[in-house]
Amino acid sequence: MSHDVTPPTDSPFRSEPTARDQAPQFVLPLVVRIEKTAPPARTDALETAARAVLVMLGDERSVGDGEWAEVMRDWQDARIRKVVRRARGAEWRRAEGLPGITVTGKSAEVRVFPPVPLDGWPKDLARLQVSGTDLDDPEPPVSADLTAPVLWLNPDLDMSAGKAMAQAGHGAQLAWWELSDEERAAWRDAGFPLAVRAADPARWGELTTSGLPLVRDAGFTEIAPGSCTVVADHPALR
């Protein structure tokens, strides 16, 4: 498969039909824990989701002869779809019982699962809601540390937390693809530090033409096809 971030005809996020559409389609499930009395902060949920995607990509089970390697390859050879669902209480406990990895942030818990066919979700995940992932930040996020990776969100798009979590995951994945093995290992060994922030509107245009990995959404949900959603600003790629 190609790891090119923005190839002219075969991007995993293009809205136009590509060769990737001919392959069997899979989706990477992400489940965020949202308890009624203690929902996570929005920015922490976005950052935790992005790290969850990276943890899955870097897990030994996802590469080589690992137990998830084949389905991970099949998923990455087709459209790169991610769907975020929410769970609480017994729903969350059932989700934790399925094969996957739970990643914890400051207030957020996100469990990522090996890719599943579009129409083949496990029952305990299929019954979870996609809607209702609207989250808030109790306090404005602090300025991002520019010596670490930053996933810049399009400041002009209004996305639900679930949609933004998936987009942050896309951006993290594009950065991962662009890194060398040594750079990937260093990021993984450091615990995948990263920040997710809305870009300054005055700088967004510059970011989208900087040559950094750029997510153009296929437009399956919420936003228009071809919308630029995330720029992945990893220090090694500047």
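Side chains are part of it too, since the values below use all heavy atoms of this structure and drop only hydrogens, waters and symmetry mates.
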Do Trp177 and Gln76 have side-chain atoms, one donor and one acceptor, less than 3.5 Å apart? yes
Would you call Glu35 and Arg33 a salt bridge, taking side-chain N to carboxylate O under 4.0 Å as the test? yes
If only atom types and distance count, is the side chain of Asp137 paired as donor or acceptor with the main-chain N or O of Glu139 below 3.5 Å? no
State yes or no: do Val130 and Leu30 share one hydrophobic cluster built from I, L, V, M, F, W and Y residues joined by side-chain heavy-atom distances below 4.5 Å, directly or via other members? no
Between Val112 and Pro29, is any pair of side-chain heavy atoms under 4.5 Å apart? no
Hey, mind stepping through Ser160 and Asp134 against side chain to side chain donor-acceptor pair (under 3.5 Å) and telling me if it holds? CA-CA 6 Å; Ser160 68; Asp134 294 318; 5.0 Å; no
If only side-chain N and O atoms count, and only distance matters, is there a donor-acceptor pair under 3.5 Å linking Asp44 with Ser107? yes
Kindly confirm or rule out a cation-pi arrangement of Arg188 over Trp176, judged by NZ or CZ under 6.0 Å from the six-membered ring centre and within 45° of its axis? no
Within this structure, what is the CH2-OG1 distance for the pair Trp152 and Thr208, rounded to the nearest 0.5 Å? 14.0 Å
For a 4.5 angstrom cut-off between non-hydrogen side-chain atoms, does Asp124 reach Glu91? no
Group every Ile, Leu, Val, Met, Phe, Trp and Tyr by side-chain heavy-atom contacts under 4.5 Å, then state whether Leu128 and Ile34 land in the same group. no
Single-linkage hydrophobic cluster Met165~Val116, side-chain heavy atoms < 4.5 angstrom: no
How about Gln167 and Lys82: does a side-chain donor come under 3.5 Å of a side-chain acceptor? no
Polar side-chain atom of Arg111 near backbone of Trp92 as donor-acceptor pair, under 3.5 Å: no
For Glu67, does the CD atom have more than 12 heavy-atom neighbours from other residues, nucleotides or ligands under 6.0 Å away? yes
